[in-house]
Amino acid sequence: MNFFTAVGRTTLELLKEIGRLSIFTADAVSSFVRPPIYWSLVLKQMMRIGFFSLPVVGLTAFFTGAVLALQIYIGTARYGAEQFVPTVVLIGILRELGPVIAGLMVAGRVSAAIAAELGTMRVTEQIDALTTLATRPVKYLVVPRLMAALVSMPLLVAVADAIGVMGGYVAATNNLGFTGSIYLNTTMNDLNSHDVMSGLIKAVVFGFLIALMGAYNGFHSKGGAQGVGAATTNAVVSASILILVANYILTNIFNMLNF
Amino acid sequence: MESAASVPENNGAKIVIKGVKKRFGPKVVLDGLDLAVPKGQSLVIIGGSGTGKSVTIKCVLGILKPDAGQILVDGEDTAKLRGNARDAYLRKFGMLFQGAALFDSMTVWENVAFGLIQGRGVGRKKARDIAFEKLTKVGLAADVGGLYPSELSGGMQKRVGLARAIAADPEIIFFDEPTTGLDPIMSDVINNLIVDTVRGTGTTTLSITHDLVSARKIADRIAMLYKGKIIWEGPTAEIDHSGNPYVDQFIHGRAEGPIKMEVKA
Ligand SMILES: Nc1ncnc2c1ncn2[C@@H]1O[C@H](COP(=O)(O)OP(=O)(O)O)[C@@H](O)[C@H]1O
Ligand SMILES: [Mg+2]
């Protein structure tokens with residue numbers, strides 16, 4: 001095959017994929033405001049997406065906060081500026097690492113679970129069965145998961161923030177010789193609503209991407225077990241990449257707005 | 001190849017499929033399919049695996065969009081249906097899927113009641129009663145109602161699928177390979193259930209099978225699909241005298257004849 005044919009074909013495939021994703025997203029989002037909304041399913045998904053992610057998000061946040069304190073200490077100690085450790089840990093966790101770590105962990109857990117579940121429903125014709133039972137699959141399957149992720153992620157990130165800062169505190173007091181009360185005082189004094197909010201806004205965006213990638217890949221999976229496997233992998237990889245890209249863009253926007 | 005079988009007159013037809021074409025990438029599946037299903041009758045489409053029988057049904061349901069042609073149900077063009085009109089249209093149908101397609105996250109009775117509760121707004125209590133009534137009708141004991149689909153045998157899953165298809169007493173029921181993968185006795189049980197549940201109710205049914213025993217039992221009329229077209233259509237009794245070599249080869253299950261198996265990936 002000619003080189004240009006190959007490039008052309010790949011570009012067309014990519015455009016087609018983007019088109020399909022846009023239509024899927026528009027369909028899902030416009031279904032948010034049109035009844036019926038299956039509230040009981042939203043609650044059930046909030047349990048699965050939010051509540052059951054707490055242990056893994058909490059653990060990763062704790063150790064991320066701890067190691068952040070250790071590294072910042074090395075950097076600041078060179079200039080005798082160790083007193084800034086609590087503040088830098090706080091900002092790093094609230095603005096970046098809380099949402100990103102929680103986002104990536106939930107992407108691994110939840111995007112995969114959604115893609116596998118909807119993918120299996122697709123290849124076993126359960127999604128078609130929904131249609132024949134006069135129930136719209138996007139409303140019944142996709143909207144509850146998207147809504148649950150939108151609500152759960154900020155809550156999870158709030159928890160991750162608290163635990164991450166605590167991880168920093170534990171490392172600083174145990175390994176770096178900080179006095180607990182001073183570390184906490186500095187942290188409380190520098191706590192700033194903009195730092196908290198920017199992280200939570202990111203969390204909402206990440207939650208949307210996580211559920212969307214899981215649902216989109218699951219919904220369009222083909223073939224049998226292999227197709228579902230591929231959909232699951234694609235969901236996790238695409239959600240993770242999109243989270244990191246979105247994080248960079250959002251940080252830039254917040255900086256531009258001095259937020 | 002022969003010209004397409006003549007389409008019966010549309011008067012009295014519940015479903016009319018006119019010149020429907022459907023392809024997936026380069027693969028042409030339906031190539032100008034014409035078929036009419038008379039109201040209150042049972043029509044069975046026979047044909048080899050992968051000839052597009054399931055695709056035909058999915059086109060009627062709007063799960064797949066035909067590339068060309070027209071599908072009329074009760075004289076109404078189905079291509080233009082959107083939103084609530086489409087929901088109302090879908091409420092005319094019940095469907096038994098090839099693999100039963102039961103919701104594995106729900107119990108058996110919740111599966112059967114699903115279309116009533118979600119699709120038609122029937123109260124949970126009432127829907128539950130109807131579900132158990134339909135389960136009895138397909139010969140399943142009440143205690144099966146509380147099990148999950150994964151706890152059932154293939155034959156039982158088919159029966160639950162059947163109960164789900166008839167739960168809302170639809171005007172039209174599709175049966176996609178109701179007996180495939182079942183032993184001959186269970187096949188006959190399912191055939192009888194189909195005949196019993198449909199006969200005398202005025203329900204129009206369109207079934208798919210490559211099981212001739214089943215077709216003879218449940219069909220008023222039989223149509224044969226080959227290479228994307230209906231190549232023969234007629235009353236069940238005439239299938240043995242169709243004079244069509246393709247049909248003869250199929251019903252006698254001979255490897256030699258005009259139908260060549262495409263052996264490829
Ligand atoms: N959604 C789809 N995407 C791509 N190809 C499909 C799809 N559905 C069916 N096909 C192809 O169309 C052909 C007919 O399928 P089907 O109608 O399921 O056959 P059968 O007559 O056994 O029911 C098969 O070759 C199948 O691979
Ligand atoms: Mg089929």
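Chain letters run A, B, ... following the sequence lines, proteins first, then strands; residues in each count from 1. No experiment lies behind these values; they were computed from the predicted model shown.
- Using a 4.5 Å heavy-atom threshold, the side chains of A:T132 and B:F174 count as separate.
- B:D104 is listed as a side-chain neighbour of A:Q126, based on a closest heavy-atom distance under 4.5 Å.
- Nearest heavy-atom pair, A:A129 versus B:A101, reported as atom, atom and distance to 0.1 Å: CB-O, 3.8 Å.
- Surrounding CZ of A:F63 are at most 12 heavy atoms belonging to other residues, nucleotides or ligands under 6.0 Å away.
- Proximity to chain A (any heavy atom under 4.5 Å) is shown, for B:L116, by neither the backbone nor the side chain.
- Of the listed residues (B:G62, B:G83, B:A168, B:G94), the one with the most heavy-atom contacts under 4.5 Å to chain A is B:G83.
- Residue contact with chain A, scored on non-hydrogen atoms closer than 4.5 Å, involves the side chain of B:K58 exclusively.
- Of the two parts of B:F93, only the backbone, made up of N, CA, C and O, holds a non-hydrogen atom closer than 4.5 Å to a non-hydrogen atom of chain A.
- Within a 6.0 Å sphere centred on CZ of B:F24, heavy atoms belonging to other residues, nucleotides or ligands number more than 12.
- Using a 4.5 Å cut-off between heavy atoms, A:I127 makes no contact with chain B at all.
- Among all heavy-atom pairs drawn from A:A134 and B:D87, the shortest one is CB-O, 4.2 Å.
- The number of heavy-atom neighbours closer than 6.0 Å to NZ of B:K21, taken from other residues, nucleotides and ligands shown, is 12 or below.
- Shortest non-hydrogen contact noted between A:T131 and B:L90 is O-CD1, 3.5 Å.
- Using a 4.5 Å cut-off between heavy atoms, A:T124 touches chain B through its backbone atoms (N, CA, C, O) alone.
- For A:Y140 and B:F114, the distance between ring centers is under 6.0 angstrom.
- Heavy atoms from other residues, nucleotides or ligands lying under 6.0 Å from CZ of B:R124 number 12 at most.
- In the displayed structure, A:E17 atom CD is contacted under 6.0 Å by more than 12 heavy atoms of other residues, nucleotides or ligands.
- At a threshold of 4.5 Å between non-hydrogen side-chain atoms, the residues B:R164 and A:L133 count as touching.
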